[in-house]
Each structure stands twice: as C-alpha cells, then as structure tokens.
Amino acid sequence: MNFSEVFKLSSLLCKFSPDGKYLASCVQYRLIVRDVNNLQILQLYTCLDQIQYIEWSSDSLFILCAMYKRGIVQVWSLEQPDWHCKIDEGSAGLVASCWSPDGRHILNTTEFYLRITVWSLCTKSVSYIKYPKACQHGIAFTKDGRYMALAERRDCKDFISLFVCSDWQLLRVRHVLAFHCYCTDLKCTLHSVEYK
C-alpha cells in the first residue's frame, strides 16, 4: 500500500470535488486544490482571512471559501484561475454559506438568522429571503434543483416555505405547529410535524 506525503490542514478543512477529480484543502488563509491521482498542486488561492468553511459547486467548477468572522465569502474558478468573486455581507454578518444545486447561486445566512441572501454568479443579481428559522438543516432542495424548502419562523410561529430556484420567488407557505429541522433532499424529516 502506498501513502502520500503528509500535508498541512487547518480546522480539518479538506473536501473532494463532486466529480472526484480534485481535493481541496485549507491552511489558514490559503486554499490548495490538488489532482486526486497524484496529489500535485493544481491551484493555490489566497483568501482575505483564515478560511472557516469550504464547499464545491455541484459541477466541480467553483469552490467557495467562507470567512465567517469577517462576513465574507470568496469564490474561485478552476476553469479560469484568474477569475474570482468576493461577497461581503457587511454588518449583517455571516453564519452559513452554501451552493444552490445549479452551482451558480450562493445562499448566505446572516447573523441572528435575519435573512438569507441569494447571490447569482451569472447575472450578479441579489435576492433576499426573510425569516429563516435558526436551525442547522433548515434548507432542502428537490433532486432536480427546481425548488427549495425553507424552515421559517414568523411572528413566533413555524412555517415551511417553498421557493422556485430559477427566480427565488415564494411559491407556497405552510404553517406547522412544531417541527425539528432535519432536511435532506427535500425529504424533510421534520419530526413531530403538525399542520394547521
């Protein structure tokens, strides 16, 4: 059995790309992308601060790096190494960041779960979704990526809202009396769901 050389990591941030061709790892403020076959460095990116979270786009063409302390997300392209994007949530802060299934929209959750900001890499447009519920798994997408379910908290009541991912418009809101958030692939395992 052959083993590779040991390489440094920060905060155990190391992820394979969805297509299995690349391995991304972080050392403080540096993002290193390696070829899986030989572990040679393909790209080395420098972020503005220490990276706290990384996530690949679904097509493995982009990778986002979240720096929650600064409220910043930086996005890097593997196809075009000179291209990059910086998203700054400003005073709203940042507690979570993820890709939409199409790999061209980024969903950032602000501090205190005041809103989710949807940033489009293609059109450079921004959409806002209010009232996300403060729970770890409160967002789920359909397998085809057309719809998103969101656990919401409005006026001290719990709701499940459906959004159309093509334009991020609200499709339907459903009031529930109580639930715990465990959503995966829109198979929301919302324990103890009681609809009103």
Flag side-chain contact, heavy atom, 4.5 Å: I72 against D88: yes
For M67 and Q52, work out which heavy atoms get closest and say how close. C-OE1, 3.4 Å
Qualifying residue for side chain to side chain donor-acceptor pair (under 3.5 Å) with D158, from R153, R174, H175: R153
Measure the shortest side-chain to side-chain distance between S97 and E55 over non-hydrogen atoms and say whether it is less than 4.5 angstrom. no
Between Q43 and Y22, does a side-chain contact (heavy atoms from CB on, under 4.5 Å) hold up when you go through it step by step? CA-CA 10 Å; Q43 296 294 335; Y22 309 108; over 6 Å; no
First locate atom CD1 of I106, then atom OG of S120, and finally report the distance between them rounded to the nearest 0.5 Å. 9.5 Å
Residues, nucleotides or ligands: over 12 heavy atoms within 6.0 Å of R172 CZ: no
Starting at CZ of R115, measure out to OG1 of T109 and round the result to the nearest 0.5 Å. 10.5 Å
L94-L64 co-clustered via ILVMFWY side chain contacts under 4.5 Å: yes
Do you know which two heavy atoms are closest between T110 and T117, and how far apart they sit? CG2-OG1, 4.4 Å
Test of understanding: clusters of I, L, V, M, F, W, Y form through side-chain heavy atoms closer than 4.5 Å, transitively. Do L61 and V73 belong to the same one? yes
Roughly how far apart are R104 CZ and S57 OG, rounded to 0.5 Å? 5.5 Å
Do the side chains of P18 and S58 get nearer than 4.5 Å, heavy atoms only? no
Taking side chain to side chain contact (heavy atoms under 4.5 Å, CB included) as the test, write out the residues that go with F163, two or more places apart. I129, M148, L150, E152, S161, L170
Would you list the pairs meeting ring pair (Phe, Tyr, Trp, His ring centres under 6.0 Å) in which at least one residue belongs to residues 106-135, sequence neighbours left out? none
Going by the ring pair (Phe, Tyr, Trp, His ring centres under 6.0 Å) test, which pairs reach into residues 83-105, not counting sequence neighbours? F62-W83, W76-H84, H105-W168
Not counting sequence neighbours, which residues clear side chain to side chain contact (heavy atoms under 4.5 Å, CB included) with Q40? List them please. N38
Counting C-beta onward and ignoring hydrogens, is there a side-chain heavy-atom pair between E89 and Y68 closer than 4.5 Å? no
Over all atoms of both residues, closest heavy-atom pair of N108 and I87: ND2-CG2, 3.5 Å
Heavy-atom side-chain contact between I116 and I139 under 4.5 Å: yes
Measuring from atom SG of C26 to atom CD of Q50, what distance do you get when rounded to the nearest 0.5 angstrom? 9.5 Å
Quick one: CD on Q74 to NZ on K86, what's the gap to the nearest 0.5 Å? 7.5 Å
Is any side-chain heavy atom of V6 closer than 4.5 Å to one of F3? no
Can you see which heavy atom on I54 is nearest to which on A24, and at what distance? CD1-O, 3.9 Å
Would you please name every residue forming a side chain to side chain contact (heavy atoms under 4.5 Å, CB included) with C14, sequence neighbours left out? L9, L23, S25
Is the OH atom of Y53 crowded by more than 12 outside heavy atoms at less than 6.0 Å? yes
Linking I/L/V/M/F/W/Y whenever their side-chain heavy atoms sit closer than 4.5 Å, directly or via other members, would L13 and L48 fall into one cluster? no
What pairs with D167 under side chain to side chain donor-acceptor pair (under 3.5 Å), at least two apart in sequence or on another chain? none
Contact summary for W56 and K15, nearest pair of heavy atoms: NE1-O, 3.1 Å
Any heavy-atom pair between the side chains of V33 and Y45 that's under 4.5 Å? yes
Sidechain-backbone polar pair: S17 side chain, S60 backbone, donor-acceptor under 3.5 Å: no
Note: I160 and A151 closest approach over all heavy atoms is CD1-CA, 4.3 Å
Does V27 share a hydrophobic cluster with I41, counting links as ILVMFWY side-chain heavy atoms below 4.5 Å and allowing steps through other members? yes
Can you confirm whether more than 12 heavy atoms, excluding those of F16, are under 6.0 Å from its CZ atom? no
Assess whether side-chain contact (heavy atoms from CB on, under 4.5 Å) is satisfied between D102 and C165, documenting all intermediate values. CA-CA 9 Å; D102 69 359; C165 293; over 6 Å; no
Answer whether the closest heavy-atom distance between the side chains of K21 and V36 falls below 4.5 Å. no
